[in-house]
Chemist: 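The structure's right below; bear with me while I get my questions together.
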Amino acid sequence: MFRNLNNNLISNQAARYHHGFEDDDNLTVQVSDANSLLGTHLLEGDWEDALDYLDTPEGERDASAKNDPLGLFNVGNNKLTVPKSKNGALFASLYVRAPFPLIQKICGISKDAEICDLMYTLSVIPHEEQHRLEETQQRKIPYRSRSWTNDEYHLILNLFLKKCIKGNDADRSASLLLERCPSWIIPSAFVLTPLAMAAYNPDVPSPILQILCMLEPKAIGMDCKLFTVSTIPLIVAAASPVPSVAHPIDFRDDVKRNRWDKVKLLMNKDYWFEQYAVKSISVNEVIGSALPSPPTIALEQVKVACDEAMKRKEWELVRELLKQFDSMTGEELLALGPFQTALAQHDRKVSTKLRKQEQKRSRDEWLHRNIGLVMYPVDTLVDLFYAVIPQKHDDSLVSPMS
């Protein structure tokens, strides 16, 4: 189901990425389910009232208590895949997409942020949620009534990086950032570290990915899975989906630029290893500070990326790499010649295959028109043949990038 990614499937990638999208959309939590006054404020979207309430002793107790403020785990809400350990106010604020000041305040009171909270946040694609909110005007209320803006999404990601990757313990940071995202957040068809999640999510800005590269360079080379296909973060970044044509073209172009910035960051893998794999660096050193500019991509990095892409039959990434770096000098372009030749050979094979498919389709249409019912038993035999004999799938993940 997740292989042979055509354009229609690519356009639906973002929705399949977040495990909770479909479940969340079908789950309506009633205000009467709330187990606390803070939960009531969150469900009703009374953000200012919630902030004021947190200034009271009762509000602080609610923010620290594990009392399932939204009533997510009440009997009857059996569609929820969230583990019962996420029964505090912090996750509740994330679940309803509360504004950043409210999340920040709860986070400061509860002090129970975990790496899975960062992963959950990385799994959210705000522009897709906003699009769904605009399309579903008849949604039952109360429901998630807002999505995060780009600015507050960036602030929330920075907040959870600080809260989840605490202190100066480099080994502790490494162990957390090498963990894979649990299946209650994204489907089991995905096996991704926080870095790979940031690479794939089109709404995560490239500076967040750079911070993750600096904090844990080893994650750049870790194998992962996208739609059950084994791959690496470089390919994951290139496969990041672009918003549908329903979105403004300027926004789509910004997403494409952000995607390419991420690809270049991951092409600089050796730089991140050399600079940050040995020396200890804390999250406080990189968040809130001006990030260093990585070196300009050189010929050797282009060749390595092309090799990785060809090895995984990601021809669209090879095409984009050759296009983006076609301004190199004559000798450098000559060094890229083998990749250009291989891409041309691939294109010829695809063209030949498509031509044969079109010829077969035209022939089948002629036979149906001129022979009629005689063709139906033949069709049945062909269907049986394809059902019994496994067919070869194209496992490429990257769609045309330009």
Side-chain angles (χ1 to χ4, degrees), residues 5 174 177-178 191-201 204 206-227 229-240 256-279 291-347 394-402:
L5 299 179
L177 292 176
L178 295 176
V191 179
L192 304 173
T193 62
L195 181 142
M197 295 178 75
Y200 183 71
N201 188 329
V204 174
S206 59
I208 293 292
L209 179 62
Q210 180 170 341
I211 289 170
L212 289 166
C213 289
M214 295 167 68
L215 289 173
E216 185 40 82
K218 289 196 288 290
I220 303 173
M222 285 186 64
D223 289 340
C224 48
K225 282 188 180 180
L226 196 66
F227 298 102
V229 179
S230 295
T231 187
I232 55 175
L234 174 67
I235 306 299
V236 170
S240 178
K256 288 181 181 179
R257 278 191 291 271
N258 185 54
R259 176 175 65 182
W260 189 245
D261 287 342
K262 292 178 180 180
V263 170
K264 289 190 293 183
L265 284 170
L266 296 172
M267 288 173 69
N268 261 314
K269 176 176 68 172
D270 290 343
Y271 170 77
W272 304 120
F273 268 91
E274 292 167 4
Q275 296 295 316
Y276 300 101
V278 177
K279 72 175 185 179
L291 295 176
S293 298
T296 303
I297 299 296
L299 172 64
E300 189 58 33
Q301 292 158 314
V302 179
K303 290 169 65 178
V304 169
C306 284
D307 269 331
E308 291 284 4
M310 281 179 53
K311 189 163 55 178
R312 292 170 170 78
K313 295 181 170 53
E314 296 293 352
W315 294 104
E316 291 304 326
L317 178 54
V318 176
R319 190 187 315 281
E320 190 67 16
L321 287 164
L322 294 175
K323 175 184 174 182
Q324 292 286 342
F325 298 102
D326 65 355
S327 61
M328 288 184 164
T329 64
E331 289 186 2
E332 290 174 326
L333 285 176
L334 192 62
L336 296 177
F339 302 111
Q340 294 168 333
T341 301
L343 179 61
Q345 291 173 345
H346 166 75
D347 287 346
D394 178 7
D395 287 342
S396 61
L397 295 164
V398 182
S399 62
M401 298 180 70
S402 295

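Since the model is a prediction, treat every value here as computed from it, not as a measurement.
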Chemist: Under the salt bridge (charged side-chain N to carboxylate O under 4.0 Å, His left out) rule, collect the residues that match up with Asp347, sequence neighbours excluded.
Modeler: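 Checked Asp347 against salt bridge (charged side-chain N to carboxylate O under 4.0 Å, His left out); matches are Arg319.
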Chemist: With a 4.5 Å cut-off on side-chain heavy atoms, are Tyr271 and Cys213 touching?
Modeler: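 Heavy-atom side-chain distance check fails, nothing below 4.5 Å.
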Chemist: Tell me if a side-chain donor or acceptor on Gln340 pairs with a main-chain N or O of Leu322 at a distance below 3.5 Å.
Modeler: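 No, the answer is negative, given that no donor and acceptor are paired below the 3.5 Å cut-off.
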Chemist: Within the structure provided, determine whether Leu266 and Val236 are in side-chain contact (heavy-atom separation under 4.5 Å).
Modeler: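 No - every pair of side-chain heavy atoms lies 4.5 Å or more apart.
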Chemist: Regarding Glu316 and Ser399, do their side chains bring together a donor and an acceptor under 3.5 Å, going by distance alone?
Modeler: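 There is no such pair between these side chains.
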Chemist: So, do Pro233 and Met222 sit near enough that their side-chain heavy atoms are less than 4.5 Å apart?
Modeler: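 A side-chain contact under 4.5 Å is absent here.
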Chemist: So do the side chains of Pro217 and Gln275 get within less than 4.5 Å of each other, counting heavy atoms only?
Modeler: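 Counting from C-beta outward, Pro217 and Gln275 never come under 4.5 Å.
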Chemist: State, to 0.1 Å, how close Ser402 and Glu320 come at their nearest heavy-atom pair, and which atoms those are.
Modeler: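 Nearest heavy atoms, Ser402 then Glu320: OG-OE1, 2.6 Å.
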Chemist: When you look at Ser240 and Asn201, which way does the side-chain contact (heavy atoms from CB on, under 4.5 Å) test go after all the steps?
Modeler: CA-CA 6 Å; Ser240 178; Asn201 188 329; over 6 Å; no
Chemist: Which value, rounded to the nearest 0.5 Å, describes the distance between Lys262 atom NZ and Asn258 atom CG?
Modeler: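 Going from NZ on Lys262 over to CG on Asn258, the span is 5.0 Å.
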Chemist: So Asp223 and Ser230, do their side chains get closer than 4.5 Å, heavy atoms only?
Modeler: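 A side-chain contact is absent here, since even the closest heavy-atom pair is not under 4.5 Å.
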Chemist: With no hydrogens and no angle check, is any side-chain donor or acceptor of Gln210 less than 3.5 Å from a backbone partner on Pro292?
Modeler: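 Pair found, side chain donor or acceptor close to backbone of Pro292.
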Chemist: Give the minimum heavy-atom separation between Ala239 and Val398, together with the two atoms involved.
Modeler: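 In terms of heavy atoms, the two residues are closest at N-CG2, 4.1 Å.
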Chemist: I need the Ile297 CD1 to Lys264 NZ distance, nearest 0.5 Å.
Modeler: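 Output value for this atom pair is 7.0 Å.
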Chemist: Considering only distance and modelled atom types, tabulate donor-acceptor pairs under 3.5 Å from the side chains of residues 300-308, sequence neighbours left out.
Modeler:
residue	atom	partner	partner atom	Å
Gln301	OE1	Ala298	N	2.6
Gln301	NE2	Asn268	OD1	2.6
Glu308	OE1	Arg312	NH1	2.5

Chemist: One pair to check against side-chain contact (heavy atoms from CB on, under 4.5 Å): Val229 and Lys225. What are the steps and the verdict?
Modeler: CA-CA 5 Å; Val229 179; Lys225 282 188 180 180; over 6 Å; no
Chemist: State, yes or no, whether a side-chain contact exists between Met267 and Leu321 at a heavy-atom distance under 4.5 Å.
Modeler: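 When only atoms from C-beta onward are counted, Leu321 and Met267 do touch, with a gap below 4.5 Å.
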Chemist: To the closest 0.5 Å, what do you measure between CG (Leu212) and CH2 (Trp272)?
Modeler: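 Answer rounded to 0.5 Å: 11.0 Å.
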Chemist: Hey, could you give me each pair passing ring pair (Phe, Tyr, Trp, His ring centres under 6.0 Å) that has a residue in residues 318-346? Not counting sequence neighbours.
Modeler: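 Output for this query lists Trp315-His346.
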Chemist: How close do Ser396 and Glu314 get, heavy atom to heavy atom, and via which atoms?
Modeler: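 Between these two residues, the closest heavy atoms are CA-OE2, 3.4 Å.
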Chemist: Rounded to the nearest 0.5 Å, how far does CG of Leu265 lie from CD1 of Ile211?
Modeler: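 One gets 11.0 Å once the value is rounded to the nearest 0.5 Å.
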Chemist: Are any of the side-chain heavy atoms of Leu177 and Thr193 separated by less than 4.5 Å?
Modeler: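 When only atoms from C-beta onward are counted, Thr193 and Leu177 do not touch, as no gap falls below 4.5 Å.
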Chemist: Considering non-hydrogen atoms only, spot the tightest contact between Ile235 and Ala309 and give its length.
Modeler: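 Minimum heavy-atom separation between Ile235 and Ala309: CD1-CA, 4.3 Å.
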Chemist: For Arg259 versus Ala238, what's the shortest heavy-atom pair and its separation?
Modeler: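 Closest approach of Arg259 to Ala238, heavy atoms only: CD-O, 3.7 Å.
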Chemist: Could you tell me the separation between the NZ atom of Lys218 and the CG atom of Leu195, rounded to the nearest 0.5 Å?
Modeler: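 Going from the NZ atom of Lys218 to the CG atom of Leu195 covers 12.5 Å.
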Chemist: How long is the gap from CD on Gln324 to CE on Met401, to the nearest 0.5 Å?
Modeler: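 Rounded to the nearest 0.5 Å, the CD-CE separation comes to 8.0 Å.
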Chemist: For Leu226 versus Leu397, what's the shortest heavy-atom pair and its separation?
Modeler: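 Taking every non-hydrogen atom into account, O-CD2, 3.5 Å.
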